Number of protein chains: 4
Amino acid sequence: MMIMSKIKQDLFELIFEADTKKGKAFDIVLLIAIVFSIILVMLSSVREIEIKHHTFLITSEWILTIFFTIEYTLRLLVSPKPIKYAKSFYGIIDLLSVIPTYLALFITGGHAFMVLRSLRLLRMFRVFKLSRYVHGASVISKALKLSLPKISVFLFGVIMIVIIVGSFMYIIEGEENGFTSIPRSIYWAIVTLTTVGYGDISPQTDFGQFISSLVMIIGYSIIAVPTGIITSEVHSANKKDKYSTQVCSNCMCEEHDTDAVFCKQCGEKIN
Amino acid sequence: MMIMSKIKQDLFELIFEADTKKGKAFDIVLLIAIVFSIILVMLSSVREIEIKHHTFLITSEWILTIFFTIEYTLRLLVSPKPIKYAKSFYGIIDLLSVIPTYLALFITGGHAFMVLRSLRLLRMFRVFKLSRYVHGASVISKALKLSLPKISVFLFGVIMIVIIVGSFMYIIEGEENGFTSIPRSIYWAIVTLTTVGYGDISPQTDFGQFISSLVMIIGYSIIAVPTGIITSEVHSANKKDKYSTQVCSNCMCEEHDTDAVFCKQCGEKIN
Amino acid sequence: MMIMSKIKQDLFELIFEADTKKGKAFDIVLLIAIVFSIILVMLSSVREIEIKHHTFLITSEWILTIFFTIEYTLRLLVSPKPIKYAKSFYGIIDLLSVIPTYLALFITGGHAFMVLRSLRLLRMFRVFKLSRYVHGASVISKALKLSLPKISVFLFGVIMIVIIVGSFMYIIEGEENGFTSIPRSIYWAIVTLTTVGYGDISPQTDFGQFISSLVMIIGYSIIAVPTGIITSEVHSANKKDKYSTQVCSNCMCEEHDTDAVFCKQCGEKIN
Amino acid sequence: MMIMSKIKQDLFELIFEADTKKGKAFDIVLLIAIVFSIILVMLSSVREIEIKHHTFLITSEWILTIFFTIEYTLRLLVSPKPIKYAKSFYGIIDLLSVIPTYLALFITGGHAFMVLRSLRLLRMFRVFKLSRYVHGASVISKALKLSLPKISVFLFGVIMIVIIVGSFMYIIEGEENGFTSIPRSIYWAIVTLTTVGYGDISPQTDFGQFISSLVMIIGYSIIAVPTGIITSEVHSANKKDKYSTQVCSNCMCEEHDTDAVFCKQCGEKIN
């Protein structure tokens with residue numbers, strides 16, 4: 001029992017920790033395996049390569065899948081709270097990276113889902129202690145979080161515009177010009193408003209071209225709205241970084257401006 | 001009379017108010033009916049679906065239209081000031097959501113206007129008391145309002161550019177390369193300046209490609225102008241939210257945080 | 001002589017001033033004539049309309065041209081400094097709006113240059129005293145002016161990128177894939193970097209698609225640079241608007257911050 | 001020896017310095033030669049021009065190459081530290097501008113690499129002492145440098161999105177709709193997310209069009225992220241330019257304007 005526990009402890013450190021030398025080495029091997037596995041999936045989708053190197057590709061795929069399966073099983077076994085791990089973000093991602101190859105036994109093309117393995121690369125930030133990047137990511141995600149209500153309102157407005165414009169264009173242009181249904185016309189409106197502009201569907205009538213000109217100019221102008229929202233939040237987040245780190249010795253209040261001389265909460269002088 | 005008045009009062013609360021339990025339930029049923037109705041309109045524009053489920057679609061459409069007609073009539077009847085309601089934003093939207101199906105009896109494709117019903121979804125914000133979103137919407141609309149004069153000047157400049165560039169391209173490229181008229185060339189100039197780029201019309205001559213390269217670079221650079229304008233306003237609007245309007249009575253220092261109790265400059269208590 | 005001088009004076013007020021009732025009326029007539037003239041040019045480029053309404057279009061065009069010719073001649077005659085006027089911005093624009101129709105007698109399509117008349121619409125701002133818009137325009141132009149050195153450096157960088165990328169793509173893709181020459185490949189690079197993406201030329205080889213993916217991501221990211229530059233200047237310009245309007249009574253120093261209590265130049269207390 | 005040393009000194013000043021009259025003249029001749037050489041490369045890639053002016057083009061190209069070769073050799077000879085120069089940024093660029101023509105003797109199309117000469121134009125800024133532009137460039141590069149960690153995180157996120165979306169679209173649309181392999185589908189995802197939208201590959205199925213609508217809206221919204229990041233840094237960099245770093249010794253107030261002589265908060269003189 002004692003020995004089992006020791007092995008479990010060692011395996012836990014090897015698999016879950018990135019601080020010890022062995023743990024880091026394991027993580028690096030894992031990252032390389034993931035990158036290699038993603039490249040394999042991509043290459044095996046290219047017909048010429050697939051035909052030429054069929055055996056190599058299929059063998060590597062199975063070896064990697066078995067390796068990931070063992071790794072996932074070990075994670076479950078050595079984790080002190082296996083269910084909590086299985087339900088965590090990384091737990092689900094780890095499972096998703098194992099299933100697709102087995103799935104491919106039943107469903108054609110199922111192994112393409114293996115690209116979900118790329119999500120495991122997020123681990124990279126933790127492994128290499130890229131704190132500057134982690135900090136950058138936290139600034140971005142905080143800014144996005146704070147912008148969410150405003151961005152949602154904006155997207156709601158965009159959806160209203162594309163539904164209405166799409167339907168009008170369906171009436172104006174009609175099926176003979178490629179606007180075969182309202183959903184397809186809405187697809188066209190999104191392609192236009194976001195300034196993507198494939199050109200697979202494009203207005204042919206004069207009035208249709210006039211309406212789409214308006215949509216383009218609207219799309220060109222309102223892109224400023226999400227930009228304004230996020231820029232403002234990023235700027236505030238960046239600024240907050242520059243707040244003084246002083247804490248009031250009297251009331252423990254934080255986030256004083258850099259030019260603050262007295263605590264804004266209790267009036268105590270800050271040194 | 002008394003009973004009538006009571007019924008009218010009850011109906012008013014049911015239809016117009018969203019605070020009572022019944023009123024909210026009615027609003028939710030209404031919202032679901034609207035969403036359902038929009039989906040119906042979209043689906044019935046897809047030929048295969050329309051042919052297959054013709055009876056179901058046409059029946060549902062009529063049931064919903066009759067429901068909306070009754071609802072609109074009731075709104076007029078129970079409203080203390082029916083004319084004021086009829087002229088209000090929501091009054092017009094409510095009417096617009098009723099007319100199209102009847103219109104379709106006379107005009108082909110008229111029922112496509114039913115997507116205007118989607119505007120009724122704006123009610124959603126009031127019904128669910130999405131105050132954070134309402135606040136976001138008010139920040140956006142305030143920023144847009146304040147930016148309006150500058151955005152108008154910008155759009156005026158854009159219109160001048162596309163008119164002049166469009167006409168030049170009409171001369172340079174001519175009808176044989178798709179620039180069949182000045183309005184169409186202006187349409188092309190808008191497609192290019194806004195970086196949509198369908199490719200349905202594209203310059204073929206060397207000089208034409210040179211001019212359009214300039215237009216693209218201009219379009220790519222000046223998008224910064226509306227962005228700058230709106231970003232600046234959004235940022236000011238956001239900032240105003242975050243600062244208290246209090247001024248220290250001792251040192252006149254402004255821009256205190258909303259949670260400030262003492263002046264950060266002189267330590268005086270702020271009331 | 002006296003009478004001549006009086007007439008000249010009256011005409012000057014009529015044509016050049018926008019403050020008197022008559023002067024304003026004249027300017028409005030002029031603006032309408034310009035808008036009407038631009039619409040005429042556009043319509044006459046549409047073949048069907050041109051054939052159908054040939055006589056009407058050509059007559060109107062000549063009437064308007066003669067009207068503009070007389071107006072321009074009068075401007076020269078009544079102006080106290082005719083040469084200075086002729087060399088001014090509006091003087092050149094006024095001349096440019098007269099020449100094209102006469103030019104069309106010699107050069108086919110010459111009358112298309114008449115759209116240059118649209119530049120005369122800039123007068124609008126002065127006529128209608130759209131001071132809020134004029135203010136907006138001045139903020140934009142000031143921000144653009146201040147951004148010019150940085151925007152120039154940015155555009156210089158963009159030109160270097162498109163020249164180098166264009167040439168590489170000419171080597172990689174070659175003539176058989178539409179990259180027929182370096183100038184055309186540079187045109188493609190601009191179309192791609194600015195995210196316009198016509199699709200008239202698009203990479204076919206795997207390596208070419210890889211390179212263009214990089215160009216797209218670069219273009220998608222660096223659009224942030226001009227935006228950042230202009231946004232920063234617009235924001236500063238907007239902020240300056242919000243400076244206190246107080247002038248120090250002691251040293252006449254302006255542009256104090258709104259929270260300034262003492263003059264930053266001479267230490268005098270500001271009331 | 002003495003004379004050799006004098007000649008070497010003179011040549012050093014002529015070639016490396018831009019302060020003396022002769023040195024500046026040499027640099028201007030060099031810049032003109034570079035621009036001329038780049039135009040030649042471009043023109044000689046246009047088939048019609050190449051056939052017509054073959055002798056002129058090839059002669060000019062060789063004259064310029066020999067001129068650049070001599071110049072590069074001289075630089076190596078007169079430089080006090082030839083190896084340090086050869087390894088420097090400009091040393092490598094200078095070498096790269098010499099090699100391609102010789103390379104073209106062995107490799108077809110090799111002379112197209114001559115466009116790398118355009119990098120030598122960067123020297124321009126130093127020659128003409130465009131300090132305002134140099135300053136602008138330094139603000140941009142400082143802002144880009146400070147944004148790098150955040151931009152990297154953003155690009156990492158973008159790469160993850162295009163890999164996953166690309167693979168899903170490969171499954172959904174399949175080879176018959178142009179999504180022939182995962183790498184190509186990722187190429188499509190990049191074309192769409194960056195709003196370039198060539199239209200060479202575009203979704204045909206309903207579900208594919210729905211997914212790409214989402215990708216477009218994501219791309220349209222998240223462009224705000226790099227913009228926000230860079231704008232914030234540019235704004236900070238601009239601001240730092242405008243504020244003095246002085247702190248009032250009396251009240252510790254910061255952020256005085258550069259022209260401030262007295263503290264705006266307490267009236268104390270700033271040294």
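In what follows, chains carry the letters A, B, and so on, assigned in the order in which the sequence lines appear, proteins first and then strands, with residues in each chain numbered from 1. This is a predicted model, so every value here is computed, not measured.
- Here the OH atom belonging to A/Tyr90 is positioned 16.0 Å from the CG atom belonging to A/Leu95, to the nearest 0.5 angstrom.
- Counting heavy-atom pairs under 4.5 Å between each of A/Thr227, A/Val196, A/Thr231 and chain D puts A/Val196 at the top.
- Inspection of the D/Asp200 and A/Tyr198 side chains reveals no N or O donor paired with an N or O acceptor under 3.5 Å.
- Scored by the ring-ring contact (aromatic ring centres under 6.0 Å, His included) test, A/Phe168 finds B/Phe113 as partners (sequence neighbours excluded).
- With a 4.5 Å cut-off on non-hydrogen atoms, A/Ile229 does not touch chain D at all.
- Atom CD1 of D/Ile182 and atom OH of D/Tyr170 lie 6.0 Å apart (nearest 0.5 Å).
- With a threshold of 4.5 angstrom between heavy atoms, D/Ser147 does not approach chain A through any atom at all.
- Contacts between D/Ile159 and chain A at a heavy-atom distance below 4.5 Å are absent for every atom of the residue.
- For residues 172-181 of chain D, the interface with chain A (any heavy-atom pair closer than 4.5 Å) comprises D/Glu175, D/Thr180, D/Ser181, sorted by residue number.
- Just one residue in the list A/Thr192, A/Ile186, A/Val215 forms a side chain to side chain contact (heavy atoms under 4.5 Å, CB included) with A/Val162, and that residue is A/Ile186.
- At a 4.5 Å heavy-atom cutoff, A/Ile39 makes no contact with chain D through either its backbone or its side chain.
- Salt bridge status for A/Glu233 with A/Lys150: present, with a side-chain N to carboxylate O gap under 4.0 Å.
- Of the atoms belonging to D/Val225, heavy atoms from both backbone and side chain fall under 4.5 Å from chain A.
- More than 12 heavy-atom neighbours from other residues, nucleotides or ligands sit within 6.0 angstrom of OH on D/Tyr85.
- Interatomic distance, CD of A/Glu61 versus CG of A/Leu43, reported as 11.0 Å (0.5 Å rounding).
- Between the A/Glu48 side chain and the A/Val46 main chain, no donor and acceptor come within less than 3.5 Å of each other.
- Heavy-atom distances place the side chain of D/Ile223, and not its backbone, under 4.5 Å from chain A.
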